[in-house]
Visitor: 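The structure that follows is given in the form of structure tokens.
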Amino acid sequence: MWGPWATPAWGFWWIFPLIGFLICVGFFVVAVRAMSAGRGFMCMGGHQATAPDQVAELRREIHALREEIRQLKTSR
């Protein structure tokens, strides 16, 4: 009359939520291990830092842009 959910302890219907929960826990564990290793998880990008030469190049560009801004302010 009420289906298998009327009596949750009878039969084998309790196994389906348990399997779903175990799959969710498995994905969570895999995601945490992948992120802690620095690889990312599935479609996530990596957590690798940029190369030191790229950082130095960006700092030089920022410095050059700041100099241009100062020159423009002083010329007005």
Visitor: Within this structure, what is the CG-CG distance for the pair Asp53 and Leu58, rounded to the nearest 0.5 Å?
Guide: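 The distance works out to 10.0 Å.
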
Visitor: Please identify which of these residues, Arg59, His63, Glu57, meets the side chain to side chain contact (heavy atoms under 4.5 Å, CB included) condition with Glu61.
Guide: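 Among the candidates, only Glu57 passes.
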
Visitor: Can Glu67 and Arg70 be counted as an ion pair, charged N to O under 4.0 angstrom?
Guide: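 Looking at Arg70 together with Glu67, the answer is yes, because their closest N to O distance falls below 4.0 Å.
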
Visitor: Starting from Val55, can I reach Ile62 by hopping between I/L/V/M/F/W/Y residues whose side chains sit under 4.5 Å apart?
Guide: no

Visitor: Applying the 4.5 Å side-chain criterion to the ILVMFWY set and letting contacts propagate, would Leu22 and Phe27 be lumped into a single cluster?
Guide: yes

Visitor: Could you list who else is in Val25's hydrophobic cluster, with ILVMFWY side chains joined at under 4.5 Å, directly or through other members?
Guide: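 Its cluster mates, by chain and number, are Phe21, Val29.
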
